[in-house]
Amino acid sequence: MESDSTALLGEFFAGCPDLLFVASAEGALLHASDALREALGPAALQGATLAELAHPDDRAALAEAWSRLVAAEGPVTFRVRLRDGSGAHRPLSCNARRSSDRGAVFGTLRATTEATEEELKALRSKARMFDAIVEHLDDTVIWGLDRDAVCFYHEGKGLANVGLKPGHLVGANWFEIFDDEARKAGIDLHAWFDGTTHRHRDEFFGIYWDLWTIPLRDDRGEPGAGVVCVSFDITEAKRAEKELRTQLQQIEAQQRVIRDLSTPIIEVWDGVLTLPMVGTVDSVRTADVMDSLLSKIVEKQARYAILDLTGVEVVDTKVASHIIELVTAIRLLGAEGIVAGIKPNVAQTMVALGLDMSQLNTQRNLRAALNHAIRSMTRAQAPSVAASPAPAQKPAP
């Protein structure tokens, strides 16, 4: 008799058109009707749990419903999306109850397309949020493309900027309309459908756009259902950026002129250059001075370069080190560097560096430095004058 009952039970599970199952108290499938196996595929094999088959977003609700089922005396109904053989998640309504010995759960599943009140409420909330974004964001366009690049949504206040109305391009294929224009801008529209987010900043139809493309997911949670695109008109920001960049270039050019005027290199004598410095001397200004003075020495074939610090009140340790390096570089070019007009506090700073300044030629002021340079040049020329023969004297008549 027991064997007959088992056979009948097996025949019932095999022939019943309903999606029936017997599960353990923990939710593992122990028996499934052939109809359920056909609906869910290999996923419904013995040992699989409903939690494993459930959509990730439904697992918390399933756990709560299963807890109610285990504790209840009567049947419990709940909704859940279970993964079928193709990998898609099917919305199902489950009606189940505990066995008399409370060691198992008997249940039936039915396909449903009806949304629960909570799901409808969530959808309405999302729709209101989306509508608020579309209606209130200026210079913004949002559109949706299916997997074949056919537009199914086209809204946004930014459409007026290009002379279009909401929904103007719904039903149009994006590849056919924009592929050539996008390629000119270096954009591959086909790459938008690779399942990753893309961002571009380019000009289309005379307007600069900040364009984001985001993949849409299918029922299995996998990318491939299409893309949603959000674009922002940043033409005004781009124009302001260009104006700011132009202003910065003008300021930089003016600063170069000011630096050139504040550090004029003067040829006061044949072979003698002087560089009067006034005001605050910083590292940037010292670097500019070094480049300009060394270039001028080579250009004029100068023998002496006088760095006049009479108008400089403060020099930090880094700048003092640069001055010594400048004098050394002048010497390497075959000229002599002279530092004139050092103030007491500047002298203290340079001494505090602990550098070897024994080779540094310093003079009290610019006049003393010029006298030194001229005398040195005169002495250098004197031997050549003395070595030349004296003119022959005519005999007295």
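Positions are given from 1, in the same order as the sequence printed here.
Using a distance-only test at 3.5 Å, with no hydrogens or angles considered, no donor-acceptor pair links the side chain of R217 to the main chain of A225. Within the 3.5 Å criterion, the main-chain N or O of N95 finds no donor-acceptor partner in the side chain of T77. Between the side chain of W66 and the backbone N or O of A25 there is at least one donor-acceptor pair closer than 3.5 Å. In terms of modelled atom types and a separation under 3.5 Å, the side chain of S33 and the main chain of D18 share a donor-acceptor contact. A distance-only check finds a donor-acceptor pair linking the side chain of R59 to the backbone of A51 [under 3.5 Å]. Side chain of N173 to backbone of D148: a donor-acceptor contact under 3.5 angstrom is found. A donor-acceptor pair is defined here as one N or O able to donate and one able to accept, closer than 3.5 Å; such a pair exists between the side chain of R83 and the backbone of E52. The backbone N or O of V134 lies less than 3.5 Å from no partner atom in the side chain of K157, so there is not a single donor-acceptor pair.
Considering CG of L19 and SG of C94, their distance stands at 10.5 Å, rounded to 0.5 Å. For the atom pair CD1 (I133) and CD (E155), the distance works out to 13.5 Å, reported to the nearest 0.5 Å. With rounding to the nearest 0.5 Å, the separation of OH in Y304 from CE in M377 is 7.0 Å. Distance NE2/H154 to CD1/I142: 10.5 Å, rounded to 0.5 Å. Rounded to the nearest 0.5 angstrom, L307 CG and L326 CG are separated by 6.0 Å. Here CG of D233 is found 12.5 Å from NZ of K238. Values are rounded to the nearest 0.5 Å.
Two different hydrophobic clusters hold L137 and I207 under the rule that ILVMFWY side chains link at heavy-atom gaps under 4.5 Å. Clustering ILVMFWY residues whenever any of their side-chain heavy atoms sit less than 4.5 angstrom apart, transitively, puts L169 in a cluster other than the one holding W212. Under a hydrophobic-cluster definition in which Ile, Leu, Val, Met, Phe, Trp and Tyr are linked whenever side-chain heavy atoms come within less than 4.5 Å, directly or via other members, L82 and L69 are assigned to the same cluster. Hydrophobic clustering of Ile, Leu, Val, Met, Phe, Trp and Tyr side chains at less than 4.5 Å, counting indirect connections, unites I177 with L211. I187 and I214 fall into different hydrophobic clusters, defined by Ile, Leu, Val, Met, Phe, Trp and Tyr side-chain heavy atoms under 4.5 Å apart, directly or through other members.
Nearest approach of H322 to M290, heavy atoms of both residues: O-CE, 3.8 Å. For the residue pair R81 and P91, the shortest heavy atom distance occurs at CG-CA, 3.8 Å. Of all heavy-atom pairs between V339 and L309, the closest is CG1-CD1, 3.8 Å. What you find for V105 and S24 is that their closest heavy atoms are CG2-O, 4.2 Å. Here the closest heavy-atom approach between residue N361 and residue H372 is recorded as ND2-NE2, 3.1 Å. Across all their heavy atoms, P215 and T197 have their closest contact at CD-OG1, 3.8 Å.
Contact check for E252 versus L248: no side-chain heavy atoms found under the 4.5 Å cut-off. For the pair L109/F21, a side-chain contact is recorded, criterion being any heavy-atom separation below 4.5 Å from C-beta on. Under the 4.5 Å side-chain criterion, counting only non-hydrogen atoms from C-beta, V227 is in contact with C229. Residues L145 and F193 have side chains in contact (heavy-atom distance under 4.5 Å, counting atoms from C-beta outward).
We find that E243 and R239 are not joined by a salt bridge, their nearest charged nitrogen and carboxylate oxygen being 4.0 Å or further apart.
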Test side-chain contact (heavy atoms from CB on, under 4.5 Å) applied to H168 and L159, step by step: CA-CA 9 Å; H168 189 92; L159 287 171; 5.9 Å; no

side-chain contact (heavy atoms from CB on, under 4.5 Å) between L50 and L29, worked out: CA-CA 7 Å; L50 292 176; L29 292 175; 4.2 Å; yes

Test log, rule side-chain contact (heavy atoms from CB on, under 4.5 Å), inputs H200 and W209: CA-CA 8 Å; H200 304 281; W209 298 97; over 6 Å; no

Working for ring pair (Phe, Tyr, Trp, His ring centres under 6.0 Å), residues W174 and W143: CA-CA 11 Å; W174 234 241; W143 67 90; 5.5 Å; yes

